[in-house]
2 protein chains.
Amino acid sequence: MPATAPTTTRDALLHAAFAEFFRHGFQAGSLSAVVGAAGATKGALFHHFAGKQALGHAVVDEVVAPLLATRWLDPIADTDDPVPALQASFRRWIAEDAGSGHWVHGCPMNNLAQEMSPLDEGFRTRLDALYARWRAAVADALARGQRAGSVRADADVRAAATLVVLAQQGIWGTGKYSQDPTLMSQAGEALCAYLDALRPTTAR
Amino acid sequence: MPATAPTTTRDALLHAAFAEFFRHGFQAGSLSAVVGAAGATKGALFHHFAGKQALGHAVVDEVVAPLLATRWLDPIADTDDPVPALQASFRRWIAEDAGSGHWVHGCPMNNLAQEMSPLDEGFRTRLDALYARWRAAVADALARGQRAGSVRADADVRAAATLVVLAQQGIWGTGKYSQDPTLMSQAGEALCAYLDALRPTTAR
DNA sequence: CCGCGAACATACCGACCGGTCGGTATGTCG
DNA sequence: CGACATACCGACCGGTCGGTATGTTCGCGG
């Protein structure tokens with residue numbers, strides 16, 4: 001076994017690449033900056049990844065996808081009352097990103113999807129699949145809510161799930177260009193109001 | 001006099017730059033490609049614009065802003081019944097972009113806002129102002145609807161306007177990564193359903 | 001008819017990019 | 001201990017980028 005575990009250098013590169021692409025975009029992101037931030041060298045990077053494109057794909061698979069799961073999928077995976085769960089997620093992550101300052105760079109997943117989808121089919125299929133999984137998770141949670149009586153029976157769960165995910169893109173995008181956390185949370189509250197309308201009238 | 005009038009060269013450069021930045025983004029967009037598409041030269045470009053940044057700002061001021069006005073602002077400028085007007089706009093532009101194929105590149109204004117806002121304050125302030133004007137136009141239209149009785153009096157027009165504009169970003173973003181016009185129009189219909197809920201219950 | 005500046009064109013520059021390649025250090029294995 | 005593999009290093013390459021310096025054309029006031 002080598003002195004340093006092989007996964008450590010690779011992971012350092014992967015996370016440095018995620019940060020670099022998050023801040024500057026994929027195309028404008030510099031591999032020299034990535035290896036610098038990771039404390040590695042070009043040789044190490046090209047040893048572990050076939051090229052910039054492969055590095056980007058690995059970032060989606062191994063960094064972005066788990067982030068999506070912990071942030072948005074897991075919190076609604078088992079709930080029978082999805083409306084407050086979704087509202088809590090939105091309020092929590094809006095507040096957290098506003099506090100950390102990460103919000104000025106938008107949503108990493110949406111950034112990559114918007115920049116790379118028309119240019120690289122590998123990026124597009126990966127990110128399209130992630131967004132489809134996201135919509136399905138929201139739709140499933142809403143359907144469970146319908147069965148449990150916490151969501152109106154006449155609600156179109158597929159359309160609602162599409163709107164929720166699409167609104168997440170819009171909210172983080174709004175924060176990015178406005179650099180105004182007030183506007184961002186106002187946008188979040190507008191979505192929360194929409195979600196409230198999905199509850200049965202008796203529960204309101 | 002040159003073979004082409006001076007304003008024509010400048011306009012050709014401007015529109016070629018708009019197309020180039022729309023397809024490849026601002027940073028990845030090439031000035032050589034711009035001058036090639038415009039049938040001009042580097043000398044002409046740097047004669048009319050101080051640099052790539054100034055060219056980009058001019059594209060926002062002189063191409064994107066008028067496009068926003070004709071597409072989204074003018075159609076709701078005077079209406080007292082904003083809900084069907086907004087729905088018609090969304091359905092029309094979704095259908096048009098799906099037909100032209102432009103939709104795979106998303107929304108030009110949102111593309112620039114997402115890419116350049118964290119990097120260039122000149123872009124950010126311009127695009128932030130355009131989005132603010134957009135939100136104001138929607139909110140004004142909804143307020144007129146309230147006065148005319150075509151919009152529920154208890155609706156929060158500011159929050160609704162924020163959601164409508166944010167949803168536009170999300171819908172075009174969804175079309176871009178999914179490359180699925182069906183999903184895009186489904187997203188549009190989800191928003192139209194939300195808009196329907198803004199009408200008075202008696203009108204439904 | 002002349003000069004003069006605006007409107008271009010052409011040739012070129014340095015910087016930086018992703019990617020390559022010869023080499024090395026540190027193992028493992030028979 | 002020799003043969004080989006993995007992990008990593010860093011100088012270097014071709015190419016493209018935004019930008020510039022200089023030359024040329026041409027309408028137009030005098």
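So that the names make sense, note that chain A is the first sequence line, chain B the second, and so on, each numbered from 1. Note: hydrogens, waters and symmetry copies are ignored here, and every other heavy atom, side chains too, is used.
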Student: Looking only at the side chains, is there a donor atom on one of A/Asn110 and A/Gln168 sitting less than 3.5 Å from an acceptor on the other?
Tutor: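 No donor-acceptor contact under 3.5 Å links the two side chains.
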
Student: When you look at B/Arg71 and B/Asp97, which way does the salt bridge (Lys or Arg N to Asp or Glu O under 4.0 Å) test go after all the steps?
Tutor: CA-CA 12 Å; B/Arg71 271 208 161 201; B/Asp97 277 14; 2.7 Å; yes

Student: Step through the shown structure and confirm whether more than 12 heavy atoms of other residues, nucleotides or ligands are within 6.0 Å of CG on B/Asp78.
Tutor: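 12 or below, so no.
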
Student: Strictly below 4.0 Å, heavy-atom distances to any atom of DNA chain D: list the hits from residues 14-25 of chain A, or just say none.
Tutor: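 The answer is none.
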
Student: Do B/Thr9 and B/His47 pass the side-chain contact (heavy atoms from CB on, under 4.5 Å) test, and can you show the C-alpha distance, the side-chain angles, and the key distance before you say yes or no?
Tutor: CA-CA 11 Å; B/Thr9 296; B/His47 172 73; over 6 Å; no

Student: Answer yes or no: does a side-chain N or O of A/His48 lie under 4.0 Å from OP1 or OP2 of D/dT6?
Tutor: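 For D/dT6, OP1/OP2 do not have a side-chain N/O of A/His48 under 4.0 Å.
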
Student: Would you say that A/Glu189 contacts B/Asp156 through its side chain, given a criterion of any heavy-atom pair below 4.5 Å between the two side chains?
Tutor: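 No; the side chains remain at least 4.5 Å from each other.
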
Student: Do the rings of B/His57 and B/Phe123 sit parallel, tilted or perpendicular, given the 30° and 60° boundaries?
Tutor: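 Plane angle over 60°, so perpendicular.
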
Student: Tell me whether A/Gln114 contacts the main-chain N or O of B/Lys176 through its side chain, where contact means a donor paired with an acceptor under 3.5 Å.
Tutor: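 Not at all, since once roles are kept as given, no pair shorter than 3.5 Å links the two residues.
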
Student: Would you say the side chains of B/Gln27 and B/Glu115 form a donor-acceptor pair under 3.5 Å?
Tutor: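 B/Glu115 and B/Gln27 do have a side-chain donor-acceptor pair below 3.5 Å.
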
Student: So, is B/Thr9 close to the C/dA7 phosphate, meaning a side-chain N or O under 4.0 Å from OP1 or OP2?
Tutor: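 B/Thr9 to C/dA7 OP1/OP2: no side-chain N or O under 4.0 Å.
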
Student: What is the per-nucleotide protein-contact pattern of nucleotides 17-22 of chain D, from the 5' end, where B denotes a base atom under 4.0 Å from a protein heavy atom, S denotes such proximity for sugar-phosphate atoms only, and - denotes neither?
Tutor: SBBB--

Student: Under 3.5 Å, is there a donor-acceptor pair linking the side chains of A/Gln169 and B/Thr174?
Tutor: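 Result is yes, a qualifying pair exists.
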
Student: Are side-chain heavy atoms of A/Leu55 and A/Leu14 found at a separation under 4.5 Å?
Tutor: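 Yes, close enough: below the 4.5 Å cut-off.
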
Student: Could you check how far CG of A/Leu13 sits from C1' of D/dC9, rounded to whole Å?
Tutor: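 Rounded to whole Å, this separation is 13 Å.
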
Student: Does D/dC8 have OP1 or OP2 sitting under 4.0 Å from an N or O in the side chain of A/His47?
Tutor: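 It does not, given that no N or O in the side chain of A/His47 lies less than 4.0 Å from OP1 or OP2 of D/dC8.
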
Student: Through what angle, rounded to 10 degrees, does the axis of the helix from C/dC1-D/dG30 to C/dG30-D/dC1 turn between its ends, using five pairs per end?
Tutor: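 That helix gives 10° between its end axes.
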
